[in-house]
Amino acid sequence: MSKKIVGFALLFVLLLSNSVFAASWVFYSREGKLHTLYIDSSSVYKDGDRLTYWVLQVLDRPLSSNYAKQTLKFEVKLNAPREFRIAESCIYDANNRPGGPHKVNPVEWEPAEDYDNRQFDFALRYAKNRKDPGTRPSP
């Protein structure tokens, strides 16, 4: 009986740790008086010609009672010409409570502009050469 309890407890901890982990948000840029962008340096993974990482967008003024921050998971094709897409996102209120559903269907691939490439190059500084484990950071 105790083996079953330990097994269920271990399974619960593993499932919980897969969805949220401690983030290491590094300042990336300030967009006027609109928002500030941070990149989670602990979530940057390079697997061949693919890069994945999370961005935190903190709004200066919440747009609504449930939208003050947003996390965005970027997927980047590093071969020329570079392309990217948002693979997942979630909005949060000022108290870091999710304010909307997670977007799980990636948007279409887009060609990277100069601004995008600067962000990708910044993220590459923190890249670990391995496959993205699929964990989502908290804001």
Side-chain angles (χ1 to χ4, degrees):
M1 182 69 155
S2 65
K3 287 184 181 181
K4 285 184 181 180
I5 293 172
V6 170
F8 282 122
L10 181 60
L11 180 62
F12 178 74
V13 169
L14 289 174
L15 289 174
L16 184 62
S17 67
N18 190 31
S19 62
V20 177
F21 67 94
S24 236
W25 297 110
V26 177
F27 172 81
Y28 171 66
S29 74
R30 175 109 175 100
E31 301 295 316
K33 293 184 178 184
L34 300 174
H35 61 265
T36 304
L37 295 177
Y38 300 88
I39 291 177
D40 177 17
S41 63
S42 65
S43 73
V44 185
Y45 297 100
K46 184 176 179 289
D47 184 18
D49 68 343
R50 297 288 178 105
L51 179 71
T52 59
Y53 64 95
W54 284 87
V55 169
L56 172 64
Q57 176 186 48
V58 179
L59 303 176
D60 285 355
R61 292 189 187 131
L63 296 179
S64 65
S65 62
N66 68 343
Y67 185 27
K69 300 175 184 178
Q70 181 176 21
T71 55
L72 304 152
K73 182 178 184 180
F74 279 77
E75 289 182 346
V76 182
K77 292 181 185 177
L78 294 172
N79 48 355
R82 285 179 173 174
E83 294 180 299
F84 74 98
R85 67 182 177 181
I86 305 300
E88 187 176 342
S89 68
C90 185
I91 59 173
Y92 296 86
D93 68 13
N95 297 314
N96 290 337
R97 290 185 303 242
H102 292 280
K103 180 185 196 178
V104 292
N105 294 327
V107 297
E108 296 296 318
W109 290 98
E110 299 179 32
E113 302 291 334
D114 288 341
Y115 173 82
D116 303 314
N117 282 311
R118 285 192 297 274
Q119 185 183 106
F120 306 152
D121 290 338
F122 182 85
L124 273 167
R125 297 179 196 175
Y126 301 98
K128 295 167 279 306
N129 287 313
R130 63 183 183 142
K131 190 173 174 96
D132 178 7
T135 50
R136 182 182 326 113
S138 57

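Here the structure is a predicted model, which means the values were calculated and not measured.
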Legend entry - Donor-acceptor pair, side chain of Tyr53 and main chain of Ile39, under 3.5 angstrom: no
Inset, instruction - Give a yes or no on whether the backbone of Ser41 and the side-chain of Ser24 come within a donor-acceptor separation of less than 3.5 Å. - result: no
Inset, instruction - Can you measure from OH (Tyr126) to OH (Tyr45) and round to the nearest 0.5 angstrom? - result: 15.0 Å
Inset, instruction - Please confirm whether the backbone N or O of Arg118 pairs with a side-chain atom of Asp121, one donor and one acceptor, at under 3.5 Å? - result: no
Inset, instruction - Enter the distance from Trp25:CH2 to Ser138:OG here, rounded to the nearest 0.5 Å. - result: 8.0 Å
Legend entry - Asp132 and its salt bridge (Lys or Arg N to Asp or Glu O under 4.0 Å) partner, picked from Lys73, Lys46, Arg50: Lys73
Legend entry - CD/Glu31: more than 12 non-hydrogen atoms of other groups inside 6.0 Å: yes
Legend entry - Thr52 vs Glu88 side-chain heavy atoms within contact, under 4.5 Å: no
Legend entry - same_hphob_cluster(Tyr115, Leu124) at 4.5 Å side-chain heavy-atom cutoff: yes
Inset, instruction - Indicate the atoms forming the closest heavy-atom contact of Ala123 with Val44, along with that distance. - result: O-CG1, 3.1 Å
Inset, instruction - Report yes or no: do Leu34 and Leu59 belong to one cluster of Ile/Leu/Val/Met/Phe/Trp/Tyr joined by side chain heavy-atom distances under 4.5 Å? - result: no
Legend entry - side-chain contact (heavy atoms from CB on, under 4.5 Å) between Leu37 and His35, worked out: CA-CA 7 Å; Leu37 295 177; His35 61 265; 3.7 Å; yes
Inset, instruction - Quick one: closest heavy-atom pair of Ala112 and Phe120, and the distance? - result: CB-CE1, 3.7 Å
Legend entry - Value rounded to 0.5 Å, distance of CG in Asp40 from OH in Tyr28: 16.0 Å
Legend entry - Partners meeting side-chain hydrogen bond (donor to acceptor under 3.5 Å, both in side chains) with Asp49 (sequence neighbours left out): Asn79
Inset, instruction - Please report the shortest heavy-atom distance between Arg130 and Asp47, naming the atom on each side. - result: O-CB, 4.0 Å
Inset, instruction - Answer yes if Trp109 and Val76 sit in the same cluster of Ile, Leu, Val, Met, Phe, Trp and Tyr residues linked by side chain heavy atoms under 4.5 Å apart, and no otherwise. - result: no
Legend entry - Pairwise distance OG1(Thr36) to CG(Leu56) - rounded to 0.5 angstrom: 9.0 Å
Inset, instruction - Please determine which of Ser89, Pro139, Pro137 meets the side chain to side chain contact (heavy atoms under 4.5 Å, CB included) test together with Trp54. - result: Pro137
Inset, instruction - Any chance you could measure Asp116, atom CG, to Arg82, atom CZ, to the nearest 0.5 Å? - result: 10.0 Å
Inset, instruction - Assess whether atom NZ of Lys128 is packed by more than 12 heavy atoms of other residues, nucleotides or ligands within 6.0 Å. - result: yes
Inset, instruction - Look only at the side chain of Asp93 and the backbone of Asn95, and say whether a donor-acceptor pair between them is shorter than 3.5 Å. - result: yes
Legend entry - Residue pair Phe27 / Phe122: nearest heavy atoms and the distance that separates them: O-CZ, 3.6 Å
Inset, instruction - Return the set of residues passing ring pair (Phe, Tyr, Trp, His ring centres under 6.0 Å) with Tyr38 (not counting sequence neighbours), or none when no residue passes. - result: none
Legend entry - Shortest non-hydrogen contact from Ala22 toward Ser42: O-OG, 3.7 Å
Legend entry - Check: Tyr67 and Pro62 side chains under 4.5 Å, non-hydrogen atoms: no
Inset, instruction - Would you give the length of the straight line joining atom CD of Gln70 to atom CD of Gln57, rounded to the nearest 0.5 angstrom? - result: 5.5 Å
